[in-house]
Amino acid sequence: MAYLDHAATTPMIDAAVEAYVAAAREVGNASSLHRPGRLARRSVEESRECIAAALGARPSEVIFTSGGTEADNLAVKGIFWARRAAAAGRVRIVASSIEHHAVLDAVEWLGAHEGAEITWLPVDGVGRVSPEAFAEALGDAGDVAVATTMWANNEIGTIQPVAALAALAATADVPLHSDAIQAVGQVPVDFAASGVAAMSVTGHKLGGPVGVGALLLGRDVACTPLLHGGGQERDVRSGTLDVAGIVAFATAVEASVKRQQEHAATVSALREELVARVRAAVADAVYNGDPVNRLPGNAHFSFPGCAGDALLLLLDAAGIACSTGSACSAGVAQPSHVLLAMGADDDRARSSLRFTLGHTSTSAEIDELIAALPGAVDRARRAYRPAPGR
Ligand SMILES: Cc1ncc(COP(=O)(O)O)c(C=O)c1O
């Protein structure tokens, strides 16, 4: 199988597997006072220090969660609730229109159930939020509870001007959250230097396990908990800590940040090869996203006249694993909200495929893709029927 879906999840690195297994053999609740508990606590705190050092944060700013979805929900809902509790007029959320569903749906839920007013930020044709649009959306900002714009987009790979956006948010005294889940280990990420108030990270996109992540939360940023219980993480997050997961996560964060430059150079060279060969194989393929300022492993195309999901299944049958941005609702593929926000029409937004490379990728996998792609595109075109109702 050619695995071209590293943005969905990437294989764990050996060091993280080994760290996980060694820690999983030990017993001890990190909140217990006895010796096994204290040893577990020490592993957690060393992991916290390691992640903080790798990502430019203080250890006390690292709040462990069950992954990216929880970190995003905690940031968006928790900061919204805390800021509105401090000043009732703060009911607005400023969010980019190309966020991952973990942010997008949390924002929409606050709109539907908590009376939040939402200002969606537009993006340009390559999926970039402009600082000017952000400044305009903030307005005088007195009514803004929280703003959120991702570091790099999971679908089209475009990297956002996070530091410029954070500077505007700081001037307006609005906490900015950034979902950096696709960015860590791919591009330089420094929490303190970026100026964001909160930042989400997850293990399984950078060589660690699924089900563990962190919200980096500035020490002075108030955040109301989502989960109530033992208050293990700064009273902001409750739940017995997953010591083995945390140790493996820290191992992967440290390794991915250390190797980031080398990884980016290798993977972007492979990506360039993939892009050139896809274009040569399918002349009318449209390359989406920022051609320059994008994640090193991301190549995203629309194939005119094809349904992305049909193409995905044809490639799967040929041994190629990739992804489409479109979600499925009631059996009907929905167009990608990211491409629609970038101004793509419905057909282009339904005809896209994402190929993402990572630390195990090889040129041989690109050979396999190129051998299968033209035939799959031909078949998908012949089978193409517009979605019902259009
Ligand atoms: C940008 C982004 N945010 C959030 C998530 C969710 O993270 P997790 O799978 O750890 O819940 C993902 C993973 O698909 C993602 O790519």
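Scope of the values below: all heavy atoms of this structure, side chains included, with no hydrogens, waters or symmetry mates. Whatever order the structure lists ligands and atoms in, that order sets their numbers, starting from 1. Note that the numbering runs from 1 along the sequence shown for the chain.
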Salt bridge or not between [X] and [Y]? Use side-chain N to carboxylate O under 4.0 Å.
X      : Y      : answer
Glu45  : Arg48  : yes
Glu114 : Lys77  : no
Glu254 : Lys258 : no
Arg350 : Asp346 : yes
Arg234 : Glu61  : no

Is a donor on one side and an acceptor on the other found under 3.5 Å between the side chain of Thr356 and the backbone of His6?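 Such a contact is found between Thr356 side chain and His6 backbone.
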
Distance in Å, Ile79 CD1 paired with Arg84 CZ, rounded so as to fall on 0.5 Å steps: 14.5 Å

Can you tell which of Ile181, Val212, Asn153 gets a heavy atom nearest to atom 4 (C) of ligand 1?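 Answer by nearest heavy atom: Ile181.
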
In short, Thr324 meets Leu353 closest at the heavy-atom pair CG2-CD2, 4.1 Å

Closest protein heavy atom (residue, atom, distance) for [atom]:
atom                    : value
atom 3 (N) of ligand 1  : Asp179 OD2, 2.6 Å
atom 6 (C) of ligand 1  : Thr69 OG1, 3.5 Å
atom 16 (O) of ligand 1 : Gln182 NE2, 2.8 Å
atom 8 (P) of ligand 1  : Gly68 N, 3.5 Å
atom 15 (C) of ligand 1 : His100 CD2, 3.3 Å
atom 13 (C) of ligand 1 : Lys205 NZ, 2.7 Å
atom 9 (O) of ligand 1  : His204 NE2, 2.8 Å

Show me which atoms of ligand 1 lie under 4.0 Å from any heavy atom of [X].
X      : result
Asp72  : 3 (N), 4 (C)
Thr202 : 10 (O)
Met150 : 1 (C)
Gly67  : 10 (O)

Look at the aromatic rings of Tyr287 and Phe301 and report parallel, tilted or perpendicular, splitting at 30° and 60°. tilted

Is the closest N or O pair between Ala102 and ligand 1 shorter than 3.5 Å? no

